[in-house]
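Accompanying notes for the structure given below.
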Amino acid sequence: MKNNHRIVDHPVLGSLPEKDSITFTFDGKEYSGLAGDTIASALLANGVRTLRVHEASGKPRGIYCNIGHCFECRVTVNSTSGVRACLTEIKDGMVIESGKPEAQPFASKNVQDFPRTYAEFEKKQKVKGDK
Amino acid sequence: MYDVIIVGAGPAGLSAAIQCRKWDMNVLVIDEFPKAGGRLLGQLHQEPNGEWWNGIEETKQLTETASKLNTEIRLGISVHHVEKIDDGFLVHTNHGDFASVRLLIATGAAESAAPVPGWTLPGVMSIGAAQVMTNVHRVRVGEKGIVIGINVLSAAIAREMQLAGVDLHSMVLPAMNPVTKDHAHPKKVMDKLSRIAHLAPSAFLRFGGKVAKANIARKLATQFYPRNGMKMWGMPIHLRKAVTQINGTDHVESVTMFDVTADGKLKKGTEKRVEVDFVCIAGGLYPLTELAAVAGCPFHYSEELGGHIPVHNEEMKTPIDGLFVAGNITGIESAKVARAQGKVAGLSIAREKLKGIADLEYKVLQAMNDVRKTRNEASIQFHPGIEEGRTKMEDVFRESKKTETAL
Ligand SMILES: Cc1cc2nc3c(=O)[nH]c(=O)nc-3n(C[C@H](O)[C@H](O)[C@H](O)COP(=O)(O)OP(=O)(O)OC[C@H]3O[C@@H](n4cnc5c(N)ncnc54)[C@H](O)[C@@H]3O)c2cc1C
Ligand code: FES
């Protein structure tokens with residue numbers, strides 16, 4: 001599965017111009033992209049969609065806006081974390097790591113029980129008071 | 001100290017920079033995207049005369065002119081704060097601070113979210129994301145997809161994906177929820193589309209090509225909508241189907257779809273699962289204005305222009321001394337309008353610096369006329385009532401100036 005998601009021929013834009021191949025690693029695995037690719041586009045061309053997992057829930061995330069607005073595509077590039085994959089061009093030898101889950105020392109275990117509105121909060125207080 | 005810093009190298013920022021350089025000003029253009037051109041880069045529509053509006057080619061013309069004039073353009077740099085200082089502005093970026101006497105903010109637009117449960121799965125993206133992958137990076141976003149959200153932009157981009165050979169199941173609405181609201185209301189969506197249909201046959205319908213025109217316009221005008229959708233280049237557009245959920249474990253595997261009533265209520269027993277491996281969500285565009293806000297510019301809410309807009313006049317000046325805006329930050333319109341506004345801004349800025357040059361006075365007026373003309377002739381329009389929005393903004397600016405003198 002190498003770069004097989006490229007749009008090579010296009011009826012209006014013409015065929016894809018020749019571009020240098022660029023090699024980089026993502027989570028230790030080697031991939032190649034084309035000069036001018038962003039990290040996000042090079043990975044997608046290789047069929048890789050998951051760029052990070054949610055820091056708390058561990059759920060997979062990929063690009064959303066692809067133009068720098070949503071920050072969903074944060075990866076670590078050559079040891080710098082929080083880099084937007086959709087805005088960063090690949091360079092030869094770049095070492096990219098996906099965003100990993102983070103320790104949640106203060107995470108509450110029963111978020112579901114939190115009141116979501118002030119009315120709910122008042123109701124809960126009242127129940128407590130009644131006891 | 002630069003004469004002017006321009007934030008954003010889209011059509012507005014680039015054409016402003018070109019004008020400023022023509023008048024030999026000391027200019028710095030900053031953009032966080034690795035390529036110049038902004039959202040123009042991904043655009044590809046067929047004009048009514050059959051010619052293609054090719055964003056990559058249009059961008060090339062702008063960047064080539066800018067580079068002939070030795071314009072300093074720095075890419076891959078994000079501006080995160082703007083500070084008003086005594087003799088100008090301090091622009092804070094992730095590559096240090098830059099100072100200038102004047103500042104032009106041309107940051108363009110962003111897409112509003114129309115969230116549907118499951119939208120954080122890899123393979124779900126905004127419609128603009130798919131546009132950039134398809135036309136700029138030339139990468140297929142998936143094997144088969146569905147577009148959630150029916151508007152001018154999503155219709156245009158769905159067509160672009162088709163051109164590139166990307167398979168789309170259909171275009172449908174998002175299910176009604178507190179965030180998707182009007183985007184999920186078939187009547188309102190239809191109403192919005194047909195209100196821009198006075199641009200006979202309207203940008204949206206124009207995408208349908210000559211054959212479909214009259215027929216579709218009529219159907220849109222009535223409230224009747226065919227159960228199997230209308231087809232645009234063979235792809236069904238369903239104003240009466242909505243996606244309630246995007247399903248998958250590690251990536252998109254399918255969507256859950258229902259038939260909906262004319263006001264967007266789900267019809268029981270019509271649930272269906274459609275297998276797709278990507279989903280594009282289209283919630284419309286809003287002006288990207290944060291930097292103008294932190295610079296202290298007053299704002300005005302304008303539905304016609306697409307959201308909260310920094311107060312400005314037709315010369316692209318804001319009430320803040322030395323602060324200018326141009327392009328989609330002033331209201332959601334096509335790239336041609338943004339480019340024409342950029343020219344006005346550039347000339348306005350040059351006029352302010354060079355003072356009293358009659359030729360510049362004339363050129364500003366001419367460029368303003370050109371904006372109006374471009375607007376009138378626009379083959380793509382995002383919001384009905386742009387004209388009214390623009391007129392109101394002019395009043396708001398005048399008022400803001402009056403209050404200032406009164407103080
Ligand atoms: C996703 C998307 C798709 C669109 N597709 C179409 C289309 O198909 N057809 C059409 O007619 N119109 C389209 N538009 C509307 C588009 O906004 C205009 O056509 C036109 O590109 C606006 O030009 P502009 O110069 O105002 O802004 P833009 O072209 O958006 O350029 C703004 C530039 O500013 C940069 N920028 C923003 N914030 C910062 C910051 N803090 N620091 C550094 N740089 C920054 C951005 O990277 C961008 O390059 C689209 C808009 C979006 C958001
Ligand atoms: S995908 Fe939105 S910031 Fe990169």
Side-chain angles (χ1 to χ4, degrees), chain A residues 3-17 19 33-54 56-73 77 80 82-91 98-99, chain B residues 31-35 38-39 41-42 44-46 52-57 75-78 94 107-111 113 119-143 160-166 248-252 277-278 281 288:
Chain A
N3 270 318
N4 62 347
H5 299 273
R6 286 286 165 193
I7 298 162
V8 180
D9 299 309
H10 194 289
V12 186
L13 297 174
S15 52
L16 193 64
K19 285 180 188 166
L34 301 178
D37 260 332
T38 59
I39 295 171
S41 71
L43 285 172
L44 188 59
N46 284 282
V48 178
R49 289 176 161 193
T50 302
L51 300 175
R52 56 179 261 270
V53 295
H54 186 265
S57 72
K59 298 239 171 81
R61 296 290 162 89
I63 58 154
Y64 183 73
C65 74
N66 202 21
I67 50 169
H69 297 161
C70 73
F71 283 72
E72 276 291 86
C73 61
V77 177
T80 305
V83 176
R84 284 168 286 176
C86 69
L87 286 188
T88 310
E89 271 187 2
I90 48 166
K91 297 264 147 40
S98 63
Chain B
D31 199 300
E32 61 179 352
F33 202 71
K35 296 176 171 61
R39 308 292 81 86
L41 277 173
L44 191 63
H45 333 126
Q46 199 163 19
W52 285 92
W53 171 255
N54 177 339
I56 293 175
E57 289 303 320
L75 301 170
I77 299 185
S78 301
N94 59 341
T107 43
E111 282 186 79
W119 75 318
T120 56
L121 280 168
V124 182
M125 67 199 82
S126 73
I127 190 79
Q131 179 181 50
V132 174
M133 278 300 178
T134 308
N135 296 338
V136 182
H137 301 308
R138 299 282 288 263
V139 177
R140 207 181 300 283
V141 290
E143 292 307 315
E160 290 166 18
M161 283 196 268
Q162 272 196 327
L163 275 176
V166 179
T249 329
D250 296 326
H251 53 85
V252 177
D277 74 340
F278 74 92
I281 297 184
L288 199 61

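When reading the values below, keep in mind they use all heavy atoms of this one structure, side chains included, and skip hydrogens, waters and symmetry mates. Fair warning: this is a prediction, and the values are worked out from it, not measured in the lab. Lettering of chains follows the sequences in order, A, B, ..., and the numbering in each one begins at 1.
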Sort [X] into side chain, backbone, both or neither according to what part of it lies under 4.5 angstrom from a heavy atom of chain A.
X	result
Asp31(B)	neither
Ile127(B)	neither
Thr134(B)	both

Checked Val53(A), Leu51(A), Leu44(A) vs chain B; the most non-hydrogen pairs under 4.5 Å come from Leu44(A)
Quick check for you: among Val12(A), Ile63(A), Thr50(A), which has the greatest number of heavy-atom pairs under 4.5 Å with chain B?
Val12(A)
Counting heavy-atom pairs closer than 4.5 Å to chain A, which one of [options] comes out on top?
options	result
Leu44(B), Asn54(B), Leu121(B)	Leu44(B)
Leu75(B), Ile56(B), Asn135(B)	Asn135(B)
Arg140(B), Glu111(B), Gln131(B), Arg138(B)	Arg138(B)
Lys35(B), Arg39(B), Glu57(B)	Arg39(B)
Gly128(B), Gly38(B), Pro34(B)	Pro34(B)

Heavy-atom contact with chain B under 4.5 Å, split by part of [X]:
X	answer
His69(A)	side chain
Val8(A)	backbone
Cys86(A)	backbone

Steps toward side-chain contact (heavy atoms from CB on, under 4.5 Å) verdict (Cys65(A), Glu72(A)):
CA-CA 8 Å; Cys65(A) 74; Glu72(A) 276 291 86; over 6 Å; no
Please find the pair of heavy atoms, one from Asn66(A) and one from Ala129(B), that lie closest to each other, and give the distance.
ND2-O, 3.1 Å
Of all heavy-atom pairs between Phe278(B) and Met125(B), which one has the smallest distance, and what is that distance?
CB-CE, 4.3 Å
So, do [X] and [Y] sit near enough that their side-chain heavy atoms are less than 4.5 Å apart?
X	Y	result
Leu13(A)	Leu163(B)	no
Arg84(A)	Glu32(B)	yes
Trp119(B)	Tyr64(A)	yes
Ile281(B)	Ser126(B)	no
Thr88(A)	Thr38(A)	no

Would you check if the side chain of Arg6(A) reaches a backbone N or O of His137(B) as a donor-acceptor pair within less than 3.5 Å?
yes
